[in-house]
Amino acid sequence: MSLCIRNGNIIDGEGIVFHNKDILIKNNLIVDINTNLAHKADRIIDASNLWVLPGLIDAHCHLREPGFEYKEDISSGTASAAAGGFTSIACMPNTLPAIDNAAMVEYIKKKAATQGIVRVYPIGAITLGREGKTMVEMGEMKEAGAVALSDDGDPVVDPNTMRLALEYAKQFGLLLISHCEDKSLVAQGVMNEGYMSTLLGLKGISRAAEEVMVARDIILSEITACPIHIAHVSTKGAVDIIRQAKSRGVPVTCETAPHYFSATDEWVEGYDTNTKVNPPLRTEEDLVAIKEGLKDGTIDIIATDHAPHHRDEKEVEYDMAASGISGFETAFSLSYTHLVETGILSLEELVAKLSSIPAKILGIPGGVLKAGLPADITIVDINREYEVDRDHFYSKGKNTPFHGKRLKGKIAYTIVGGKIVYDEEDAK
Amino acid sequence: MAFMQKDILGLRTLNQEDILEILDTAKLMKYILEQNNKKTPHLQGKSIVNLFYENSTRTRLSFELASKYMSASAANLSSTSSSVAKGENLIDTCRTIERMGADVIVIRHPMSGAAHMVARHVKSAVINAGDGMNEHPTQGLLDIFTIRESKSAVQGLKVAIIGDIYHSRVARSNIWGLSKLGAKITIAGPSTLLPPELGKTGVTICGSVEEAIEDADVIIVLRLQKERQQKGLLPSLREYSQIFGLNKERLALAKKDVLIMHPGPINRGIEITSEIADGIHSQIEDQVTNGVAVRMALLYLLTRQRRK
């Protein structure tokens, strides 16, 4: 079986853009990028006027399996990822039980191999049960296939535990990912603290809750010379702290999620629980700072923080609603619409933040289109405008504040190891 | 334009004309309340359900009496004695009430936005009788009604609101409602109990109670929940009453004909001294009567225009 993607504009992920060229795929691998390759293939995808990109890579998502299959499972989650153009995804360990030992890592990998349609890389917990106390067996988990460690939404509170985890993880080349949130500063907060929380009478979450821990983790990273990755940066202050740290050489990387440059706390008006997410949607000032951070490289990558929830967990009082946005299927379009169309990033820069750079940070393959490499490819139509319809999401989680919004840039095909796992024509 | 709202969720989203129509209607209702025979047929054949997820004396009783004075069928449901205690969610509870024929659902709930959510899911009119820290619009309306009874117009009045603004739905409804009618609002309270960026709403935040009530036409004193101290927001109730409590000395700074209001229940000796609460400036008991009138007006306006 061979496949030719014909006449596309190709971003190879290593700085080269080919116009109107073909990619020939055989036996799961890219065998050639050139002109006039179509006659050598059994099947042809016409990519005229489309962009052919290295498969997108998501460094932060929640697949909910095991434990919360009513929200999402590996099958629905990877189908959703494929529809969002992702060929590789790294899933967080906040499952039940948590991914806090080698057997659990193997379980996720095995499930993903049989039921998943994109590549799944488990992120393990930092501490047992994500309780912030006892370190996990990092060496064994690395061997089993964990690509990074994070206690996700329950960040390690004790600074010394975090420091020791950073040092211990480094010898195995494991990156620690920190969800920065000081729970005592969050208190009972459910949205960004500011003018909107005052108007709506909802308890606010101070930016300090995020920034205090970003600062702590950067200091720990600096003092131990161990790399740290800051998850879902949402505030101007956090961008500033990270920018300063990078300028003095601290080994820190970070991500933001599409909703932090696409929506603000003004969206909470009306108490739509689909706007409830953690960290919360911030203000216009923060949104501008996030875009600046993406432009000047302070923010290395865009990750979805795909957090599917069941409608029963969202159709409740705002205070009681689960936090999170189902993000795979809007990530590229939101990024293209708000970053490329507005001139903040070039398409190549966006693609790097969605593929080659996350691959480098996680130490996983991908992000490059070249002969001899696995054919993980995403094909997009950047001229297509459409209206987001959550009822057509592949994810079980329909929780998005972007339902009904008009966006530009749509995924046309997603190909993993030479196999077409998403074809927009079939999806219609 | 006649009053056409489906629900009363808050004063922030109500326009000035609607607020004035409610207040004018309440004036007629107050006249009825003062009669020997208080029964009227305004709500005959209508059904009102009070759904209370929090304790209440004044609000619940005044809605119930308002309904009964106007010949409605009224029923009360509290969270402790219903399926809520079995874990039924709010939408399911309200749909059940709707399908029993409720024309109006009056809801009090400890979480902000609860009434808004209910209003989206039922065809019955919904009156917010207090949602978390957000709004208590019927209290705001009765406060404004009380002010209008004594002062000819709200426009240009200096209204001081004193106390725990952060947690107060009464304060929010008064700020939105009084601002729309042209009052100048001053605020004073412990800085740990002021909401962020409140100044952007147009109110003046004062450094002291004295500054806030100087030359005030109206002083609204808020109830201080004792649990605020336990949560570390205040060092002591004693210091609160010393620095933020309304006493005779502070009252002397306000206008001679100042109105003193309090939504109740009062913590005597903490946010206000008994001599002021029971003194000549106090409107606290009139507020209670006016609360019935305002709720009668709302029930009437919301059911009058309901289509089949």
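First the proteins, then the strands, lettered A, B, ... as listed; each starts at 1.
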CG (B/Asn55) with more than 12 external heavy atoms under 6.0 Å: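 No, CG of B/Asn55 has 12 or fewer neighbouring heavy atoms, counting only those of other groups under 6.0 Å.
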
Atom group of A/Gln188 that falls short of 4.5 Å from chain B, counting heavy atoms: neither

When A/Val190, A/Thr273, A/Leu202, A/Thr198 are compared by non-hydrogen pairs under 4.5 Å with chain B, the top option: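 Among the listed options, the one with the most contacts to chain B is A/Thr198.
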
Cation-pi geometry met for B/Arg295 and B/Phe63 (6.0 Å, 45°):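 Flagged: B/Arg295 positioned over aromatic ring of B/Phe63.
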
Residues A/Glu65, A/Lys396: salt bridge by 4.0 Å N-O rule: no

Heavy-atom contact with chain A under 4.5 Å, split by part of B/Arg120: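 The side chain, not the backbone.
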
Toward chain A, the part of B/Met111 with a non-hydrogen atom under 4.5 Å: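 When you check distances to chain A, atoms from both the backbone and side chain of B/Met111 fall under 4.5 Å.
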
Any donor-acceptor N/O pair, A/Glu69 side chain to A/Gly67 backbone, under 3.5 Å: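 Yes: the side chain of A/Glu69 pairs with the backbone of A/Gly67.
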
